[in-house]
Amino acid sequence: MSFVLNEDEQMLRDSARAFLGESSPVTALRALRDEKSPTGFSADLWSSFAEMGWSGVLVSEDHGGVDMGYAAAGLVLEEMGRTLASSPFLSTSVLAATAFNLAGTDAQKSNWLPKIASGETVIAVALDERARHNPDHIQTRAKKDGNGFVLSGKKRFVNEGAGADMLIVVARTDDDQIGLFLVDPKTNGVTRTDRRTVDSHVPADFNFDDVKLDGDAFLSGADDLDAAYRRLLDAGRACQAAESLGVAEQAFDDTIAYISEREQFGVPISSFQGLQHRAAHLLGELELARSLVRRALTTLDTQPSQAPLWCVAAKAKATQVSRLAAAEGIQMHGGVGMTDEYDIGLYYKRAQAAGEFMGDDAFNAGEVARMSGY
Amino acid sequence: MSFVLNEDEQMLRDSARAFLGESSPVTALRALRDEKSPTGFSADLWSSFAEMGWSGVLVSEDHGGVDMGYAAAGLVLEEMGRTLASSPFLSTSVLAATAFNLAGTDAQKSNWLPKIASGETVIAVALDERARHNPDHIQTRAKKDGNGFVLSGKKRFVNEGAGADMLIVVARTDDDQIGLFLVDPKTNGVTRTDRRTVDSHVPADFNFDDVKLDGDAFLSGADDLDAAYRRLLDAGRACQAAESLGVAEQAFDDTIAYISEREQFGVPISSFQGLQHRAAHLLGELELARSLVRRALTTLDTQPSQAPLWCVAAKAKATQVSRLAAAEGIQMHGGVGMTDEYDIGLYYKRAQAAGEFMGDDAFNAGEVARMSGY
Amino acid sequence: MMSLENFRKETKDWLQANCPESMRQPIRSEADICWGGRNWTFASEDQKLWLERMAERGWTVPTWPTEYGGGGLSKDEAFVLKEEMKAINARSPLDSFGIWMLGPALLKYGTHEQKLKFLPPIARGEIRWCQGYSEPGAGSDLVSLRTKGVLDGDHYTVNGQKVWTSYADQSDWIFALVRTEADAPKYNGISFLLIDMDQPGVTTKPIKLISGKSPFCETFFDDAKALVDNRVGNAGQGWEIAKYLLSHERAGIVSEAAFGGLNPVTAAHQSGEVEADGTMSDPILRGDVARLTIDGLAFEATMRRVKEEADHGEGVGARASLLKYMGTELNKRRNELNMSALGSDGLLWEGEKESDGDPARSWLRSRANSIEGGTSEINLNIVAKRVLNLPGA
Amino acid sequence: MMSLENFRKETKDWLQANCPESMRQPIRSEADICWGGRNWTFASEDQKLWLERMAERGWTVPTWPTEYGGGGLSKDEAFVLKEEMKAINARSPLDSFGIWMLGPALLKYGTHEQKLKFLPPIARGEIRWCQGYSEPGAGSDLVSLRTKGVLDGDHYTVNGQKVWTSYADQSDWIFALVRTEADAPKYNGISFLLIDMDQPGVTTKPIKLISGKSPFCETFFDDAKALVDNRVGNAGQGWEIAKYLLSHERAGIVSEAAFGGLNPVTAAHQSGEVEADGTMSDPILRGDVARLTIDGLAFEATMRRVKEEADHGEGVGARASLLKYMGTELNKRRNELNMSALGSDGLLWEGEKESDGDPARSWLRSRANSIEGGTSEINLNIVAKRVLNLPGA
């Protein structure tokens with residue numbers, strides 16, 4: 001485990017920064033919003049993720065990927081956070097790829113992982129059933145039915161739900177265990193309700209009303225499905241934290257740039273000690289978040305059994321710091337920070353939504369306490 | 001209920017400030033500490049509380065008191081907090097007097113209330129059995145035994161325990177209800193262990209080992225003993241909060257005075273915006289604490305049924321603010337704030353101890369949530 | 001004079017008889033507020049009726065003198081009226097910057113003629129006012145105002161630009177700070193002018209905010225005319241009047257901020273994040289909410305205390321800055337915790353119902369509380385200097 | 001050169017064979033620390049033996065060159081040694097300001113002769129050093145130093161007063177900042193002098209702290225003599241050397257602050273404030289502790305990251321100020337939560353056992369973390385200016 005980026009990672013980060021800055025600057029999100037994009041992301045951008053080799057970041061070379069691991073995925077997400085790039089990368093290339101890697105059968109892997117790597121599919125993972133993230137609260141049922149299953153239940157705010165051609169649904173099997181099921185959202189009995197959120201993404205609610213699934217819809221390749229589910233959550237948290245970190249970093253950079261220019265009483269407002277101390281403190285918080293995110297991601301890659309605590313801690317910290325950075329950013333921008341014209345408000349919105357996904361700081365702090373035994 | 005002091009209250013506050021500033025300045029606490037006073041308070045000062053008419057602040061005129069109520073008691077405690085005056089006023093004149101008022105028989109009232117008013121007794125209320133305040137955790141037992149009782153159990157950190165000539169012990173009776181019992185600490189079976197605390201007070205631990213009590217040791221004058229117990233806790237919290245408020249106020253005043261004098265880089269450090277913003281914020285916190293404390297005290301006097309929420313809120317806030325004010329005070333004093341020579345460290349110590357008694361901010365925040373139904 | 005008890009009884013009866021049922025519902029959104037003005041369209045007959053009935057008694061502005069359209073009530077009576085309105089959930093019949101800001105300024109600094117001319121239409125909701133203080137590059141720092149008024153016979157010719165003029169696009173008149181004394185130093189060259197917006201030289205342009213639709217505009221003066229008779233106070237006295245009004249504005253923002261709208265416990269119930277016994281499901285969030293409740297109670301008590309002290313003659317003065325700071329920070333915290341308690345439900349921006357997205361909009365809107373009417377930083381500076389008497393840097 | 005794996009194995013074996021059992025216990029108090037010096041009395045035979053064995057290998061100062069008494073280890077080897085010592089809970093054989101501060105200064109700024117003269121006695125624990133920077137009225141603001149050294153042949157005659165000289169009453173020599181160039185402006189007139197304290201012109205007086213017994217003293221120079229040969233660097237270069245050292249001190253305070261001692265979970269177990277399943281009894285305190293744990297993990301990871309980055313050639317520089325600030329604030333929070341978790345047990349000051357009152361003393365001591373070695377405020381200023389490049393006021 002190394003905090004310092006190796007050469008491959010450095011190249012990846014540089015190319016992600018250059019490419020996203022060019023192809024998906026904040027104006028791209030504004031355009032998706034203003035044209036009321038039905039999916040909340042650009043299909044073109046998603047194709048180019050494949051061309052850049054990012055879509056298959058967690059896919060083995062056998063299946064057409066580059067197999068660079070979570071640390072690399074986190075670097076892409078961090079840069080996405082910086083430009084607020086909207087893309088099904090987290091849901092498809094991280095969550096779905098992780099689900100297949102951990103729980104897919106050989107056939108499922110051979111079928112789906114290449115499609116993920118090539119960017120020809122968008123997969124959403126349908127997880128939460130309550131308003132606040134709660135991975136133990138799964139009431140969706142997959143009842144055995146001949147060789148297949150019948151799926152019933154509801155899922156809320158499934159990220160990329162509006163644009164997904166395939167879902168992976170977390171449900172309980174007859175023995176009350178967690179199972180992951182592939183569900184085509186166009187199957188009979190699936191109802192989708194799109195949700196336009198404050199950050200201009202389009203997650204969706206799903207109702208599953210006695211949806212008939214074939215036997216091979218079940219991701220049955222794991223010895224311990226519950227462990228696979230927990231690992232999927234860990235990976236999702238660390239990677240979502242990486243995006244939040246990017247949001248925090250750019251919100252901070254924008255703010256420092258703004259206060260360095262804006263004058264009041266004849267001097268730049270960045271010369272006021274009140275703001276300087278808060279900016280310096282914020283930098284400290286950013287450093288902490290940065291370290292935790294990196295630590296969580298590299299631990300997932302190298303010592304996955306040690307990862308859970310680092311992942312929940314990273315998610316908690318990145319959520320808190322990204323919200324703080326953007327909130328302080330608006331305050332330090334003053335009046336213009338409230339206008340849609342400046343980007344800082346968009347960072348504040350994304351910090352909120354990204355923070356919510358897979359548990360906010362309060363939820364994950366509770367997990368830290370639980371895992372630490374107190 | 002009025003936030004503005006009436007004339008009597010104003011006179012009381014002015015005389016308390018003048019008298020304590022004269023008779024019990026911070027040097028008095030230092031003297032008690034350095035001479036290792038066995039009780040942690042001065043008997044002379046306690047006598048003069050009676051002469052000033054304060055000891056009987058909650059005692060009816062029939063019993064020789066002045067019956068001015070909790071708001072008045074709070075004013076005395078606030079001034080005590082300002083000079084760190086150590087006195088058994090809270091334990092005797094507030095807690096014990098409240099216990100008799102609420103739960104004493106006529107005979108007990110006639111016997112004890114005049115002694116409280118005249119300052120000829122020191123009474124300690126033995127409440128907590130755990131390290132953190134928890135009024136539901138009472139395992140001390142008072143078993144019926146003929147006409148009397150047999151008391152068994154342990155109490156921890158009983159305030160003024162080292163100097164008390166009489167204890168009021170909270171215990172469970174045979175029907176598992178809360179009862180209050182008068183116990184002479186010199187009775188057979190009572191073991192006392194004095195504790196010298198960080199704030200130079202001397203509470204004591206007590207062991208009760210089959211202590212035989214007469215029937216009239218039981219404070220049996222209340223219809224609802226549990227309600228009386230809860231009211232006693234409310235009153236204790238609001239009054240302890242008043243002392244913490246005084247601690248916070250003087251810590252703040254000392255600090256503002258210090259930073260206005262101390263120079264760095266050729267200017268008073270109070271001219272630095274970083275300190276100014278923190279000082280202004282602290283003033284805001286003090287204002288909030290001040291309002292809650294006053295509100296809790298006046299509500300106890302005029303609408304006791306509405307008081308519980310205000311009392312726990314006041315205790316939580318006064319604890320938090322007094323600790324913050326003293327901590328910020330040390331920081332703003334810089335190096336000298338760490339020396340015993342300056343008073344600010346003594347305020348920090350007292351804020352901690354006073355904050356702990358009858359529940360700190362975390363405990364009382366929990367009570368706020370519980371009482372508010374969430 | 002009637003005793004307070006009698007006054008309370010009569011008021012209760014009158015409200016019971018005269019407040020339409022539909023005006024006894026909580027304000028759910030912007031659209032339920034009655035702002036009045038030349039172009040006002042009432043949301044309902046009841047809204048119109050309620051305004052007329054209240055205005056007739058002068059109770060849209062209960063403490064203003066009756067000769068200027070007010071109710072002539074004492075502070076105590078006005079408090080009773082407020083309590084009795086609250087008791088039946090009666091809506092405010094009229095909200096306006098004329099009532100909150102211009103009124104107090106005119107009552108203190110205006111001539112008798114100005115009062116007679118401008119106050120009654122405010123009280124009756126006939127003229128809607130907006131405020132023109134901030135300019136691009138001059139928010140907290142009003143000293144660098146650049147909008148200029150040149151004296152030209154009986155009027156000033158005004159040129160320049162204002163920002164953050166709330167509802168300027170729907171307002172009839174604007175009260176504005178204008179630099180009229182080119183040679184006077186800093187604060188001394190600014191006058192307080194009343195300008196009719198129904199003239200070709202005044203145009204407005206709405207500002208889009210992060211919370212969506214916005215009441216705020218940019219307002220442009222291009223050879224606009226303002227009569228000298230419509231200058232409040234002396235030439236160059238504008239900054240003094242503005243300071244006086246800012247403390248009124250602060251108090252207004254504070255009471256709105258602290259008490260209105262959703263709270264996290266209700267939010268948790270709405271999103272289903274509570275246990276069967278009503279306990280919030282997330283224990284750590286519950287702790288954060290408990291600390292908010294404590295500060296909310298403390299703030300409520302503080303507002304009450306300050307009011308009582310003011311009634312006893314202790315001026316609020318620079319403490320208004322402290323209250324504004326504390327109240328708005330509290331409101332931001334409340335909105336953040338609302339969002340947390342709502343979970344993903346809180347993220348909704350647009351949906352089938354018009355109210356979908358209200359919590360998010362309120363949350364975003366709350367960020368402005370600590371910027372408008374003097375930023376938190378400015379207020380902390382004021383407290384440090386004028387309450388704590390700390391020296392300048 | 002040995003491979004790291006071989007080095008690890010040999011080190012492990014050597015430690016196993018040579019570290020006395022009693023030196024494998026956690027440090028419980030000040031009294032367990034070995035400081036060395038002319039007047040040092042070892043707490044035990046084992047303490048003496050352990051120091052001698054380690055000093056013989058140069059492992060009291062593993063990365064110093066062997067010719068100056070060090071171990072000559074690479075950074076990686078030193079890290080392995082640290083890990084292996086930690087694995088068996090081995091105590092540090094010697095702690096000293098000579099190791100932490102003077103050593104690095106001499107290694108960078110000293111002459112070969114100075115290094116040969118002063119470094120080996122430090123490594124062997126024979127000479128104990130203290131630091132003389134702060135003066136009354138000149139803490140964070142060293143520019144206003146008044147202690148004066150006048151050149152007089154081969155020596156300086158020094159007059160003045162220092163405060164916060166840790167353990168000055170037990171130290172043999174002091175390294176001090178002294179104004180030697182009366183005419184030079186501000187920072188340029190200060191020199192870095194090494195002064196033998198065993199002379200009549202140097203006296204010390206302990207300072208009593210709020211946490212009780214204190215390592216700190218006031219130190220008085222009354223015509224004290226310092227050889228010119230014992231000036232480190234050039235005349236007037238003192239401030240540069242001090243700045244270099246302050247960053248070392250900051251790193252030292254940080255690692256001590258962040259990792260040592262009691263934590264709130266252990267504290268809750270000690271005071272019995274846990275449920276049968278180990279959950280902390282107070283849910284709101286538990287939430288506060290969870291957030292501390294997160295920041296503790298984050299800080300630990302950050303220290304590791306900074307170390308790795310330093311190994312890759314990215315200088316720590318002014319970021320040391322940020323780490324110092326974050327680490328010490330964290331340590332204060334930890335101590336506050338320790339006290340809360342201990343409840344009334346934490347309030348104990350003196351009792352039967354010598355360790356009674358340790359948590360309270362540690363809690364009080366922690367308040368100094370954000371004052372000594374540069375206050376939090378100074379560090380935030382440094383970060384704002386030198387890391388974020390924000391302009392001066």
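Quick note on labels: first sequence line is chain A, next is B, and so on, each numbered from 1.
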Side chains of A/Q273 and D/N381, donor plus acceptor under 3.5 Å: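 Distance-only check passes for A/Q273 and D/N381.
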Winner by heavy-atom pair count (cut-off under 4.5 Å) against chain D, out of [options]:
{"options": "A/V267, A/L283, A/I256", "answer": "A/L283"}
{"options": "A/G284, A/P268, A/A279", "answer": "A/G284"}
{"options": "A/L292, A/V312, A/V293", "answer": "A/L292"}

Might you point out which heavy atoms bring [X] and [Y] nearest each other, and give the distance in Å?
{"X": "A/S271", "Y": "D/G392", "result": "CB-O, 3.4 Å"}
{"X": "D/A301", "Y": "A/F3", "result": "O-CZ, 3.5 Å"}
{"X": "A/A280", "Y": "D/L322", "result": "O-CD1, 3.5 Å"}
{"X": "A/A365", "Y": "D/A290", "result": "O-CB, 3.3 Å"}

Quick one: does D/R305's side chain have a donor or acceptor within less than 3.5 Å of a partner on A/E287's backbone?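 Checking the backbone N and O of A/E287 against the side chain of D/R305, a donor-acceptor pair under 3.5 Å is found.
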Whether the side chain of A/Q276 engages the backbone of D/A384 through a donor-acceptor N/O pair (distance < 3.5 Å, no angle test) should be reported.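 Checking the backbone N and O of D/A384 against the side chain of A/Q276, no donor-acceptor pair under 3.5 Å is found.
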With a 4.5 angstrom heavy-atom cut-off, could you sort out which part of D/M280 is near chain A: side chain, backbone, both or neither?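 Its backbone and side chain both get close to chain A.
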Which bit of D/V274 comes within less than 4.5 Å of chain A, counting heavy atoms only: side chain, backbone, both or neither?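 Neither the backbone nor the side chain of D/V274 comes within 4.5 Å of chain A.
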Any side-chain heavy atom of D/E329 sitting closer than 4.5 Å to one from A/H281?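 Counting from C-beta outward, D/E329 and A/H281 never come under 4.5 Å.
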I want to check something: taking the side chain as every heavy atom from C-beta on, are A/N364 and D/I294 in contact at a cut-off of under 4.5 Å?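 Side chain of A/N364 against side chain of D/I294, heavy atoms only: no contact under 4.5 Å found.
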Drop me the distance from [X]'s [atom1] to [Y]'s [atom2], to the nearest 0.5 angstrom.
{"X": "D/E300", "Y": "A/R295", "atom1": "CD", "atom2": "CZ", "result": "6.5 Å"}
{"X": "D/L390", "Y": "A/H277", "atom1": "CG", "atom2": "NE2", "result": "10.5 Å"}
{"X": "A/Y374", "Y": "D/T293", "atom1": "OH", "atom2": "OG1", "result": "2.5 Å"}

Pick one of side chain, backbone, both or neither for [X], based on which atoms fall under 4.5 Å of a heavy atom in chain D.
{"X": "A/E285", "value": "both"}
{"X": "A/A362", "value": "both"}
{"X": "A/S260", "value": "side chain"}

Which residue in the set D/L297, D/V306, D/T302 passes side-chain contact (heavy atoms from CB on, under 4.5 Å) when paired with A/S291?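 Single pass found, and it is D/T302.
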Atom CD of residue position D/E275 - does it have more than 12 heavy atoms of other residues, nucleotides or ligands inside 6.0 Å?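 It does: D/E275 CD has more than 12 such atoms within range.
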Other residues, nucleotides, ligands: >12 heavy atoms within 6.0 Å of D/K307 NZ: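 Counting other residues, nucleotides and ligands, NZ of D/K307 exceeds 12 neighbours.
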Would you please test D/R291 and A/Q320 for side chain to side chain contact (heavy atoms under 4.5 Å, CB included) and show each step? CA-CA 10 Å; D/R291 284 174 169 145; A/Q320 173 236 324; over 6 Å; no
Heavy-atom pairs under 4.5 Å with chain A are the metric here; pick the option from D/N389, D/D311, D/V289, D/V387 that has the most.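 So the answer, after comparing D/N389, D/D311, D/V289, D/V387, is D/V289.
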Shorter than 4.5 Å, heavy atoms on both sides: which option in D/E309, D/H269, D/H312 has the most such pairs with chain A?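 That would be D/H312.
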